[in-house]
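Only one structure is covered here, and it is reproduced in the block below.
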Amino acid sequence: MEEPQLLQQQEEEQSQSVSLQDCLKLLKGEQDEQRLAGLLLVTKSCKSDDLVSLRAIYDAVGPHFLDRLLRTGVVSSGSGENRDAYLQLSVSVLSAFCRVSEIASSKEMVSKVPMIFEVMSMKSGMPVLEECYEFLYLVSTASEDGLTAVYESGGIKLLAHQMSALPDGSRLMELATKLVQLMLKKLSQGIVENDHLSELSVIVTKIARQFALLQNALKFEALHLLSAIFSSEYSTLLHDALRVIQNENWSNHMRDGVATILQNRVAPAEKFEALILAESMVSIKGEGWLIGQINLPNVQDPIPADRCLLLVLESSRVEVAVLLNELAYSKYEASKSSSSAAETIISKQQKVTVVFSLVEKIIKLISNIGETEGHVLDENTFIKAINGLNETIGVVLEYLQDAKEHGQKVGNDLLASVRLVGSYLAEAPVACEDKITELLGYMLSVEGEHESSPFYSVCFLLPMLCQKTMKIEGCKLLASSGGYKAVVDCLMKLIEQNRNGVENNGCIFLACDTIMNLLKMEQITFSEDESTFISLLKALALWTEKTNDQSFIMLASSICTLIFDMTSENALLNHPSFSSSCLDSLSRLIARSLASWGQDMSDAAKADMDLLEIVTAGYSRWADRFPQIQKAVGR
């Protein structure tokens, strides 16, 4: 058996050698007809992976004849049939020669890029198109000059124009996808904003279709490309452009593709890329994108509309557990001497940001289900989602516990963890009670890397704190942990921002309500921390002197009223950091708020009736201890 095979192989090699010699003889001929015949013989007999022969043939024919042949095909005034034949032959041999990287990177080949673009723009329906794409891809991968030439010749614009007409899953589509991926490195935020935003959005919609429909290697090429685009510095600009696209098919295709990746056994890196796409789509289309009909190739049975939601949540839960475990090891266990340690931590923190964002948006979706989102989840799905969220938040709390034990309070990853916990507890304030009791004081002390003192961590926890302090147990927890000081400091910073024109009314109201909840609980005492509330009185006095907002005036006067229950005018004036001018401001504040009581109350005053009742009731309790305020009210 072996001898006949060997003889056959020898015959093939001899035949190939004869064909190569014939080609070379013709290509070295003096007449163009001989060279054309040699090139035709090349296209029929030379194998694409025979790089040695291709190099020999290229050297024989020379770049000048190839250039002349291409120009003849582009600008020839002869019959259309001859012109197309010249084009087909010239582009075919050019793409074949470019399989040799030294040829593809040569100046001669790079200089032909604009002319290939001209062929593609005029002859997009010709069979020559695939060879054009092959040529551009090979030149782009062979050298930086080649890639620059393709980009500067209008590569993004041409691809955006042509990709919508390329057959799904074709070699043409594969080459176009790879070319886009190569050209991404040439794009910056400014370039995209000024030149390519609409083209890039068109490309995304076309690639999304490949991502959904294909079940081969090109599906993963599409995944890698979309992930790279949505992870780029210009992704926010692209989000805005994609929001205004009327055709919804592309977003459905994205959901189909993400669901397919997440429900199959693929590499962890590719699952994470699918989560990047999911996070981007939720940012573009809203949380409702996670719930919708899924259509998969070769699947006849209907797939539940909530499948994508559950897949994204489960994958995010796994990623959170893995990433936080790796982050903790990198920060507390691994050798700090490695030069790559810091880069590893930064990389994992960036990944944590993506999955935290997804989990936070799922929390928002679950909390609004049946209301603003217009979607309904069955009970089984709802329970699965809540269980998944509980597990995820439990892992995050363990990460914070680990950081607390290692004395770590500063870090954007820690701040992001507090934000996620705060988002969940805002909707489920009684969840994880034991762990929250243990960690509340620590979470209120967490700072971002560019903060000088805790602020954002407190803001993130305010919705939960406001609800918890409606009950005595919550007030005791906040008081015993010292967390009330962080809330007071946070309110003073919010007041300072408001005075400087930065509005964050939601947080101001929550902080004020939390402090009032504390002060209204008679069982809670703050006798040993007079300075905290004196600082707050001063901030409230300064703030309300220059505001006419009735809601702010009533909030401030209500808090002052409750603080006055714990002290007296003499005690305040004897404090070294409290001045008589501050007392004057507070007197005017109380007088203004009480002046709104009466028959002709404004609508704003009626809306704040509960606050007005706090002020009037409080004034009746302590007026005798504050003669200056009593005098101001009596004027």
Side-chain angles (χ1 to χ4, degrees), residues 227-228 230-231 233 235 262 266-280 282-283 312-363 388-425 431-432 435-436 438-451 454-461:
S227 172
F230 284 122
S231 300
E233 63 180 28
S235 60
L262 294 182
V266 300
E270 289 163 341
K271 283 207 172 188
F272 189 82
E273 287 183 339
L275 291 178
I276 291 174
L277 301 190
E279 196 278 332
S280 295
V282 173
S283 297
V312 169
L313 176 56
E314 175 59 17
S315 298
S316 298
R317 183 192 67 78
V318 172
E319 285 293 337
V320 167
V322 171
L323 287 169
L324 292 186
N325 182 60
E326 292 176 347
L327 252 181
Y329 178 80
S330 298
K331 291 170 69 172
Y332 311 130
E333 306 295 337
S335 171
K336 301 297 189 297
S337 60
S338 171
S339 59
S340 61
E343 294 178 5
T344 299
I345 291 174
I346 291 171
S347 172
K348 294 188 186 304
Q349 287 176 335
Q350 290 171 341
K351 289 184 175 182
V352 165
T353 300
V354 173
V355 289
F356 273 15
S357 175
L358 265 175
V359 174
E360 192 170 342
K361 286 165 181 172
I362 291 172
I363 291 170
L389 289 172
N390 281 335
E391 288 184 37
T392 304
I393 298 303
V395 170
V396 177
L397 288 170
E398 288 177 6
Y399 182 69
L400 289 171
Q401 177 72 47
D402 202 12
K404 177 185 177 183
E405 292 172 358
H406 284 86
Q408 298 289 319
K409 291 184 178 181
V410 179
N412 290 342
D413 56 321
L414 300 178
L415 186 61
S417 298
V418 172
R419 171 175 171 153
L420 183 60
V421 170
S423 296
Y424 189 54
L425 295 179
C432 312
K435 207 68 180 174
I436 296 303
E438 185 179 356
L439 287 174
L440 180 59
Y442 168 76
M443 289 194 292
L444 290 169
S445 71
V446 167
E447 302 170 19
E449 289 173 6
H450 301 294
E451 289 186 280
F455 174 67
Y456 289 109
S457 59
V458 185
C459 291
F460 296 150
L461 293 171

Locate the shortest heavy-atom distance separating Y424 from L389; write the atom from each residue and the value.
-> CE1-CB, 3.8 Å
Could you tell me which non-hydrogen atom of V410 sits nearest to which non-hydrogen atom of G448, and how far apart they are?
-> CG1-O, 3.8 Å
When you look at E279 and S283, which way does the side chain to side chain donor-acceptor pair (under 3.5 Å) test go after all the steps?
-> CA-CA 6 Å; E279 196 278 332; S283 297; 3.3 Å; yes
I363 side, atom CD1; L358 side, atom CG - distance, nearest 0.5 Å = 11.0 Å
Kindly say whether R317 contributes a backbone atom to a donor-acceptor pair with the side chain of E391 at under 3.5 angstrom?
-> no
Before giving the answer on side-chain contact (heavy atoms from CB on, under 4.5 Å), spell out for I436 and M443 the whole-Å C-alpha distance, their side-chain angles and the decisive distance to 0.1 Å.
-> CA-CA 9 Å; I436 296 303; M443 289 194 292; 3.9 Å; yes
Heavy-atom pair of closest approach, residues V395 and A321 | CG1-CA, 3.8 Å
Identified side chain to side chain contact (heavy atoms under 4.5 Å, CB included) partner of V446 from the options L414, L439, L461, V458 | L414
Over 12 non-hydrogen atoms of neighbours within 6.0 angstrom of CZ in F455 = yes
What's the spacing between S231 OG and E273 CD if we round to 0.5 Å?
-> 7.5 Å
Is it true that E319 and K271 make a salt bridge, defined as a side-chain N closer than 4.0 Å to a carboxylate O?
-> no
Reported CZ-to-CD1 distance for the pair F230 and I276, which is rounded to 0.5 angstrom | 11.0 Å
d(E398 CD, N325 CG) to nearest 0.5 Å is 10.0 Å
Look only at the side chain of T392 and the backbone of G388, and say whether a donor-acceptor pair between them is shorter than 3.5 Å.
-> yes
Please lay out, stage by stage, how K351 and S347 fare under the test side chain to side chain donor-acceptor pair (under 3.5 Å).
-> CA-CA 6 Å; K351 289 184 175 182; S347 172; 5.0 Å; no
Note: K331-D413 ion pair, threshold 4.0 Å (strictly below) = yes
Do the side chain of S315 and the main chain of V312 share a donor and acceptor less than 3.5 angstrom apart?
-> no
Rounded distance (nearest 0.5 Å) linking atom CG of L327 with atom CD1 of I346 = 11.0 Å
Check whether more than 12 heavy atoms from other residues, nucleotides or ligands sit under 6.0 Å from atom NZ of K409, and answer yes or no.
-> no
